[in-house]
Amino acid sequence: MIVLFTDFGPCGPYVGQMKGVLYRSNPGVPVIDLLADAPTFDPRASAYLLAAYAADFAPPVVFLCVIDPGVGGSRAPVAVKVDGRWFVGPDNGLFNVVGMRGREVEWWDVTWRPQRLTATFHGRDLFAPVAARLARGEVPPGERRDARIDRSWPEDDRRIIYIDHFGNAITGIRAAAVGDGARLSLGGRTIARARTYADVPEGQSFWYENANGLAEIAVNRGSASEALGLRLGDTVTIA
Amino acid sequence: MIVLFTDFGPCGPYVGQMKGVLYRSNPGVPVIDLLADAPTFDPRASAYLLAAYAADFAPPVVFLCVIDPGVGGSRAPVAVKVDGRWFVGPDNGLFNVVGMRGREVEWWDVTWRPQRLTATFHGRDLFAPVAARLARGEVPPGERRDARIDRSWPEDDRRIIYIDHFGNAITGIRAAAVGDGARLSLGGRTIARARTYADVPEGQSFWYENANGLAEIAVNRGSASEALGLRLGDTVTIA
Amino acid sequence: MIVLFTDFGPCGPYVGQMKGVLYRSNPGVPVIDLLADAPTFDPRASAYLLAAYAADFAPPVVFLCVIDPGVGGSRAPVAVKVDGRWFVGPDNGLFNVVGMRGREVEWWDVTWRPQRLTATFHGRDLFAPVAARLARGEVPPGERRDARIDRSWPEDDRRIIYIDHFGNAITGIRAAAVGDGARLSLGGRTIARARTYADVPEGQSFWYENANGLAEIAVNRGSASEALGLRLGDTVTIA
């Protein structure tokens with residue numbers, strides 16, 4: 001199974017071009033669109049999101065991850081194996097959180113280069129062919145290295161790192177790290193915890209542990225983003 | 001074949017997480033995104049849409065349907081078989097129209113619970129595994145019940161229940177229930193019927209029987225939604 | 001492999017209904033969403049886009065293309081084979097650029113009609129079944145004709161023909177047709193060429209040869225569309 005995690009957006013030809021490469025190489029391997037609207041140009045916020053969602057996919061799985069504003073520049077292409085799951089993409093921090101939280105980390109610099117390597121679409125030209133190989137059980141075409149993990153990053157990201165279609169605001173804070181009775185504060189408001197939507201009146205805001213373990217701010221049958229004026233990157237404090 | 005019908009939106013990680021479950025269980029079974037932007041929080045409008053689209057998929061097929069604002073509350077999970085097609089999701093009215101129009105209805109309450117059942121994502125934790133089983137030909141993990149169908153619902157929904165990418169406004173009215181010469185009225189305007197876009201001048205509004213049998217309001221090479229100021233939920237009358 | 005190229009938008013039930021037909025006919029053949037937001041009602045701009053992307057998919061491949069504002073009117077359904085790649089859709093100019101640039105072109109008028117042929121969704125009723133047959137290696141259900149290619153079209157389209165999720169503006173001009181030192185002008189501005197994002201300062205605009213060979217206008221870590229006020233259809237001149 002190959003799982004796509006990008007900031008390419010819901011439209012456009014980029015995901016399809018990568019799938020063309022993947023299905024041509026491995027016709028029988030399912031390719032899953034996990035996220036196509038990861039925070040644009042923000043590998044760090046994406047790294048916390050990726051860590052939350054990756055846990056949901058048991059090995060064997062290959063995550064093909066392209067949040068790559070430095071494409072064509074000096075950042076390295078890497079393949080990282082964390083507790084049995086492969087991650088392929090640019091070495092720009094995108095895999096730092098899965099690395100920090102992992103027990104067993106294998107790090108490979110990808111040194112193979114394809115015949116056609118455009119300056120701006122390594123997702124299609126470089127990362128997709130590598131992901132296809134890993135999905136076939138091959139080793140990464142590169143060199144095994146010591147893992148380059150920056151352990152100075154905070155354990156959780158106390159910002160809003162994703163806002164979904166319903167207007168729910170997902171933070172980078174794991175709910176398990178927050179006391180049950182804790183409130184979240186942002187923009188002068190304080191928000192109490194609930195278990196699920198149906199547990200609060202319609203129109204009321206609350207926070208809860210979402211289905212991937214993150215603290216998420218919502219409004220029952222409404223948009224937290226609109227009601228509370230929340231934006232990507234807003235800082236959240238635990239009260 | 002498993003067909004997804006949700007209000008999760010065109011982006012976000014929810015559809016991908018459900019597909020992860022489905023492809024892991026049944027690698028060879030195609031999963032089709034039918035609709036990801038069903039009317040949010042509105043199982044009733046969605047029920048009329050679902051009935052129109054479901055007819056297009058011949059059995060064997062499993063519809064995995066998640067318009068579920070009451071997730072984690074008291075509504076039951078159900079698996080309903082209507083004329084050979086399976087529908088899995090919350091018992092909140094979403095399957096009432098397929099049930100009303102069906103000839104043979106089998107109704108199961110899903111009593112099985114997975115090891116991990118989060119309070120807010122039954123689509124991934126409960127409905128997807130059940131859909132995967134049904135797609136393998138298994139019986140629903142639950143108890144056969146009398147069908148709970150509310151026959152007080154109108155046969156058609158005289159509202160705009162979907163607006164598409166072109167700005168076409170789809171009503172919940174089956175065109176077969178409307179006379180050929182009938183006009184539709186909404187917001188003080190009256191709109192005549194045509195067969196297709198090319199049959200009216202550019203910029204003219206008309207209504208027609210869409211490819212799924214519903215009365216749909218359109219403008220040739222334009223957006224009916226913008227031109228006529230139409231919004232989801234607007235009431236339509238047959239003149 | 002069947003590749004979808006439409007203006008159906010990122011949401012809505014149309015792509016899913018076509019996939020229902022395709023997977024029912026050919027369960028094991030991958031179906032790839034290449035583009036769902038081709039310029040609405042504009043087969044000509046779409047024709048230049050299609051030619052750029054099609055080159056990326058080696059035969060055997062079937063492109064199922066539906067930008068079809070004249071659906072149900074007099075335009076013919078066609079199946080065109082260009083250098084080993086099949087294209088199926090309406091004869092409204094959509095295949096004119098691949099035809100102009102092709103070495104070997106086979107042109108078929110599709111004369112077969114399905115039992116159910118709605119007036120407004122030939123994508124599902126007519127083109128998808130034909131694409132499924134071609135993907136199985138069958139000949140088109142129709143009549144071989146002389147290719148109807150309009151060679152009066154310009155070799156490149158000097159307009160912005162697509163704006164992507166990042167706000168990058170893709171022109172219909174092949175970069176190979178432009179000198180390395182050439183600048184692009186539009187709206188009173190003149191833009192210089194660079195190789196990739198990382199080669200210019202943050203916030204600076206530039207143009208480059210994109211991964212499909214087209215001249216594309218971008219801003220490093222920003223939106224060219226917003227920064228420069230670009231819109232679909234804007235004319236570009238080579239300075």
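Here is how names work: the chains are called A, B, and so on, in the same order as the sequence lines, proteins then strands, and each is numbered from 1. Hydrogens, waters and symmetry mates are skipped; everything else that's a heavy atom, side chains included, is used.
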Would you mind checking which part of [X] comes under 4.5 Å of any heavy atom in chain B, side chain (CB onward), backbone (N, CA, C, O), both or neither?
{"X": "L4(A)", "value": "neither"}
{"X": "P10(A)", "value": "both"}
{"X": "I32(A)", "value": "side chain"}
{"X": "Y53(A)", "value": "side chain"}

Check whether D125(B) gets within reach of chain A through its side chain, its backbone, both or neither, counting any heavy atom under 4.5 Å.
neither
Need one label for R24(B): side chain, backbone, both or neither, based on atoms under 4.5 Å from any heavy atom in chain A.
both
Is there a side-chain contact between N92(B) and P69(B) (heavy atoms, below 4.5 Å)?
yes
Should L50(B) and F87(B) count as side-chain neighbours, where that means a heavy-atom distance under 4.5 Å?
yes
In sequence, state the C-alpha distance, the side-chain angles, and the governing distance for D83(A) and R101(A), and then conclude on salt bridge (Lys or Arg N to Asp or Glu O under 4.0 Å).
CA-CA 10 Å; D83(A) 300 332; R101(A) 296 183 187 165; over 6 Å; no
Mind ranking [options] by heavy-atom pairs under 4.5 Å with chain B and telling me who comes out on top?
{"options": "A38(A), P60(A), A218(A)", "answer": "P60(A)"}
{"options": "A58(A), C11(A), A198(A), G28(A)", "answer": "A58(A)"}
{"options": "D33(A), L35(A), D56(A)", "answer": "D56(A)"}

Given the options [options], which has more heavy-atom pairs under 4.5 Å with chain A than any of the others?
{"options": "K19(B), R116(B), Q17(B)", "answer": "Q17(B)"}
{"options": "P27(B), G73(B), A119(B)", "answer": "A119(B)"}
{"options": "A36(B), G70(B), S74(B), G9(B)", "answer": "G9(B)"}

Output, in order, the C-alpha distance, side-chain angles, deciding distance and verdict of side-chain contact (heavy atoms from CB on, under 4.5 Å) for W108(B) and K81(B).
CA-CA 8 Å; W108(B) 300 69; K81(B) 191 174 190 179; 5.7 Å; no
Under 3.5 Å, is there a donor-acceptor pair linking the side chains of D68(B) and Y197(A)?
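No, no side-chain donor-acceptor contact under 3.5 Å.
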Among side-chain atoms of D164(A) and Y14(B), is any donor-acceptor pair under 3.5 angstrom?
yes
With S46(A) as reference, evaluate Y162(A), F41(A), F5(A) under the side-chain contact (heavy atoms from CB on, under 4.5 Å) test and give the passing residue.
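Output: one option passes, namely F5(A).
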Does N210(A) reach the main-chain N or O of N212(A) with its side chain, forming a donor-acceptor pair under 3.5 Å?
yes
